[in-house]
Amino acid sequence: MIYTNISINFIEEIIQEDINKGFPKKKLRFRFPPEPNGYLHIGHAKSICLNFGLAKKYKAFVNLRFDDTNPTKEENIYVNAIKNDIQWLGFIWDKECYASDCFEKLYKWAFQFIKEGKAYIDEQPQDIILKQRKTPFEPGIDSPYRTRPVRESLVLFKKMKDGKFEEGEGVLRAKINMKSANMNLRDPIMFRILKVIHQKTKNKWDVYPIYDWAHGQSDFIEKISHSLCSLEFENHRPLYEWYLKNIKKKERSKQIEFARLNISDTIMSKRKLYIVIKDGFVEDWDDPRLSSLRGLRRKGYTPESIRDFCHRIGISKRDNVINLKLLESSIREQLNKIAIRVMVVLNPLKLVIENYPEDKIEWFPAENNQESQKSGKRKIPLSKKLYIEREDFLEKATKTFHRLSIGKEVRLKNAYIIKGTGFLKESTGNIIEISAVYDTKSQSGSESSRRKIKCTLHWVDAIQTLDIETRQYELLFSLEVPDAKKYFLRFFNHHSLKIVHGYGEPFLRKVRPGEFFQFQRIGYFCVDQKSSSIIFNRTVILRQSHL
RNA sequence: AGACUCGUGGUGUAAUGGUUAGCACAUCAGGUUUUGAUCCUGAGAGAUAAGGUUCGAUCCCUUCCGGGUCUACCA
């Protein structure tokens, strides 16, 4: 999809302004900085589309930067998964970077800070440091180590790096302002000791930089012009700028914050995703009920639809909750154009055409997709016995029910017009078979088939059936914004996955994983890519009011 | 309580110091249709409040009100 809208979001406005003031276009560079401790979800997609979209528009580049400053939480397996997801979304990054690429430089700069009296080693335990920091509503108090000689800090920092300290025995702190109203400026920690193996630098380091100390400097080293992040980092911007200013380089990246994506009826918080996955509420990261990119992909969402969605939601600084229906509308719009229309009956009820010859089989042509001529046609068999949906029959029609009932006519899609004549009922009241007669002159395509019939039914021949397994996914929570609630699990829907078997037309015998279909009058389905057998995952139901 | 920040229909998001505030999704109604889908048409629905600046304010300023973030050796 190509977007040619005139209006630009506030971030692009800032960029445009920078350009107007003389910032060279070719120095524009963006970055997407995931932490390799989980899979990407649609919230990340918003950021990815923003950064890569901007880059595309201005012919600039995006670095993919793994924010690997915390080896206790990060794992290498996520790196490839993240790269794979970004590629799937359709974007190509310029440089693949790691925050750990900058460790050496960060260490040196830290030394420089100490020498200039802008940082010191604090040897107090964590809880004391926290207490001294106080709360946002009262000033903090200085650490007794704040005024220790530069020389001492220098020696200590070296020792920390050389492994002479245990975890928690010391940290490097920036000397800023313990009385600042911004907690981030109350002598934030720059380096802490972590005696673990880093997934990339292995055992080279015993000290690891904190996010704030690593991020802006990585931006600087990579020459990122505009560093876009979510709103919760607004309070970090003064620190971001303080660090950069004190490194004393002229060109600095600019941090701009925007509101992260929230979607109704789903969870996006990493913590919550971990819980439902680890505790077995869902299968894995690629469970189609999740809003992870892998989950959405498996459910049948296309990269185009996700990009389209990210474009539709816009960029601003307001907290927002986007209705899930907007996402669904994006995928419907695309699937409507590309999905092959087929007939599948999911809740079968047998129908016998009384006046149809016993051994006759006819094959009718059916369009694969009337939205696109080039998708071609296929043939569908019909014999005396077939299946229709149980919901498509009512003994006696009501005012709003114009499907099959006794004495009423409906059309069998691509075949004949039939009229209901009777039905067989069990003693329990359960209808087990319907009988009908067909209008022999009403074959689809013929002149006499053009009569106006109120309803067209999908159906599947009873002899030539193919067993179909579908997975239908419902909302995971009975709560509009589960992400906003701490006790979201109380609202977990334990029946969110329904395995439904049905009958499909023979055409479906040779489907391939990942192919998209529209089961007519039911919904869009996609062939599961993980399962060894053929399983149709329901992507989204059709927009409908009565069925 | 403090700092920072946000406030446009139900939900998102635009434009604008000046005739009827646009678009999308959602909702409702009608039309087309061999999918109650798609497609087409239409309708309802919006600036928290009070001051000020101005000939004129949704837009600029002040105050109020309401929401969010911040008290990690996470990111």
Side-chain angles (χ1 to χ4, degrees), chain A residues 5-9 33-35 37 67 69-70 72-74 99 122 125-126 129-131 133-140 167-168 170-173 180-186 188-194 207-208 210-212 214-215 229-238 257 259 264 270 309 311-330 332-333 336-337 341 343 366-367 370-371 400-403 410-415 417 442 444-445 449-458 518-524 541-547:
Chain A
N5 56 341
I6 310 111
S7 68
I8 59 174
N9 63 53
E35 185 186 11
N37 69 344
D67 228 329
T69 56
N70 187 354
T72 63
K73 282 190 178 171
E74 293 140 12
D122 196 333
Q126 182 172 12
I129 291 179
L130 290 184
K131 271 185 197 144
R133 249 211 268 274
K134 301 274 189 178
T135 70
F137 320 113
E138 54 188 332
E167 279 187 27
V171 287
L172 181 69
R173 291 231 255 166
S180 170
N182 185 338
M183 297 296 283
N184 295 121
L185 298 179
R186 319 251 257 232
I189 284 155
M190 297 167 74
F191 272 105
R192 82 284 215 191
I193 299 165
L194 252 28
V207 289
Y208 290 94
I210 287 297
Y211 166 85
D212 288 299
H215 202 89
C229 63
S230 48
L231 245 32
E232 67 258 43
F233 292 102
E234 255 170 348
N235 293 339
H236 292 243
R237 193 178 347 118
E257 312 84 13
S264 71
K270 226 171 226 181
F309 170 75
H311 178 258
R312 288 195 203 186
I313 58 177
I315 300 289
S316 77
K317 296 189 77 157
R318 310 176 203 164
D319 295 305
N320 60 81
V321 180
I322 274 88
N323 198 301
L324 183 64
K325 292 195 165 157
L326 188 65
L327 215 208
E328 293 182 338
S329 123
S330 281
R332 274 200 202 100
E333 187 179 307
N336 177 46
K337 289 182 213 141
R341 270 57 169 177
M343 293 204 282
E367 284 178 303
Q370 43 279 78
E371 303 289 321
T400 53
F401 185 91
H402 38 271
R403 289 170 254 169
V410 295
R411 190 190 299 278
L412 295 178
K413 175 104 183 156
N414 299 312
I417 295 167
S442 66
S444 289
S449 76
R450 298 199 208 289
R451 292 158 49 201
K452 180 135 183 140
I453 299 292
K454 263 199 167 164
C455 183
T456 301
L457 260 40
H458 65 279
Q518 187 200 81
F519 291 2
Q520 287 179 110
R521 304 209 304 135
I522 298 174
Y524 291 103
I541 56 169
L542 257 33
R543 212 174 136 252
Q544 57 190 251
S545 42
H546 299 281
L547 217 89

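These numbers come from a predicted model, not from an experiment.
- Taking 4.0 angstrom as the limit, A:Thr135 places none of its side-chain polar atoms (N or O) nearer than this to OP1 or OP2 of B:A1.
- Counting non-hydrogen atoms under 4.0 angstrom, A:His215 reaches nothing in the nucleic acid.
- In this structure, A:Ile313 reaches the sugar-phosphate backbone alone: every heavy-atom distance under 4.0 Å involves primed, P, OP1 or OP2 atoms, never a base.
- For B:U13, one of the phosphate oxygens OP1 or OP2 lies less than 4.0 angstrom from a side-chain nitrogen or oxygen of A:Ser316.
- For B:C70 and B:U53, the P atoms lie 40 Å apart once the distance is rounded to whole Å.
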Legend entry - Base-pair map of RNA chain B as dot-bracket, where | denotes pairing with a different strand and pairs are Watson-Crick or G-U under 3.5 Å: .((((((..((((....[...)))).(((((.......))))).....((((..]....)))).)))))).....

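- Not one side-chain nitrogen or oxygen of A:Arg237 sits closer than 4.0 Å to the OP1 or OP2 atom of B:U69.
- A:Lys413 comes within 4.0 angstrom of a base, heavy atoms only.
- Residue contacts shown for A:Arg312 are limited to sugar-phosphate atoms, with no base heavy atom under 4.0 Å away.
- With distances taken from any side-chain atom of A:Ile322 to the nucleotides B:U71, B:G12, B:C73, the minimum falls on B:G12.
- Within 4.0 Å (heavy atoms only), A:Leu194 reaches no atom of the nucleic acid at all.
- If you check every strand for non-hydrogen atoms under 4.0 Å, A:Gln370 touches a base.
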Solution key, residues 318-325 of chain A side-chain donor-acceptor pairs under 3.5 Å, sequence neighbours excluded:
from: A:Asn320; atom 1: ND2; to: A:Arg260; atom 2: O; distance (Å): 3.4
from: A:Asn320; atom 1: ND2; to: A:Arg318; atom 2: O; distance (Å): 3.2
from: A:Asn323; atom 1: OD1; to: A:Lys325; atom 2: N; distance (Å): 2.9

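- Between the CD atom of A:Glu35 and the CG atom of A:Asn70 there is a distance of 6.5 Å, given to the nearest 0.5 Å.
- A donor-acceptor contact under 3.5 angstrom links the side chains of A:Thr135 and A:Glu138, judged on distance only.
- B:A14 and B:G9: their C1' atoms are spaced 14 Å apart (whole Å).
- Checking B:G68, B:U35, B:A75 against the side-chain heavy atoms of A:Asp319 singles out B:G68 as nearest.
- Within the 4.0 angstrom heavy-atom criterion, base atoms lie near A:Arg341.
- Using a 4.0 Å heavy-atom cutoff across all strands shown, A:Pro125 reaches at least one base atom of the nucleic acid.
- A:Asn336 CG to A:Gln518 CD: the interatomic distance, rounded to the nearest 0.5 Å, is 7.0 Å.
- The distance between atom CD of A:Gln544 and atom P of B:G36, rounded to the nearest whole Å, is 9 Å.
- At least one side-chain nitrogen or oxygen of A:Arg318 sits closer than 4.0 Å to the OP1 or OP2 atom of B:U13.
- Residue A:Asn182 is classed as having no contact, given no heavy-atom separation below 4.0 Å to the nucleic acid.
- A:Glu138 comes within 4.0 angstrom of no nucleic acid atom, judged by non-hydrogen atoms across all strands.
- One finds no side-chain N or O of A:Arg411 lying less than 4.0 angstrom from the OP1 or OP2 phosphate oxygen of B:U35.
- Contact of A:His311 with B:A24 (side chain to base): no donor-acceptor pair of N or O atoms is detected under 3.5 Å.
- B:A57 sits 11 Å from B:G52 when the P atoms are compared, rounded to a whole Å.
- Here, B:U13 and B:C6 have their C1' atoms 15 Å apart, quoted to the whole Å.
- Dashed line: the shortest gap from a side-chain N or O of A:Arg521 to OP1 or OP2 of B:G36 is under 4.0 Å.
- Counting non-hydrogen atoms under 4.0 angstrom, A:Lys452 reaches the backbone sugars and phosphates but no base.
- Rounded to an integer number of Å, the gap from CD of A:Glu371 to P of B:U38 is 10 Å.
- At a threshold of 4.0 angstrom between heavy atoms, the contacts of A:Glu35 are confined to the sugar-phosphate backbone, with no base atom among them.
- Using a 4.0 Å heavy-atom criterion, one finds that A:Ser449 contacts the bases of the nucleic acid, with or without backbone contacts as well.
- The phosphate of B:C73 (OP1 or OP2) has a side-chain N or O of A:Gln126 nearer than 4.0 angstrom.
- For A:Thr456, the listed nucleotide lying nearest its side chain is B:G36; candidates were B:U38, B:A24, B:G36.
- Interatomic distance, A:Gln520 CD to A:Thr456 OG1, rounded to the nearest 0.5 Å: 10.0 Å.
- Side-chain nitrogen and oxygen atoms of A:Arg186 include none within less than 4.0 Å of the OP1 or OP2 phosphate oxygen of B:C73.
- The residue A:Asn235 sits close to a base: some heavy atom pair falls under 4.0 Å.
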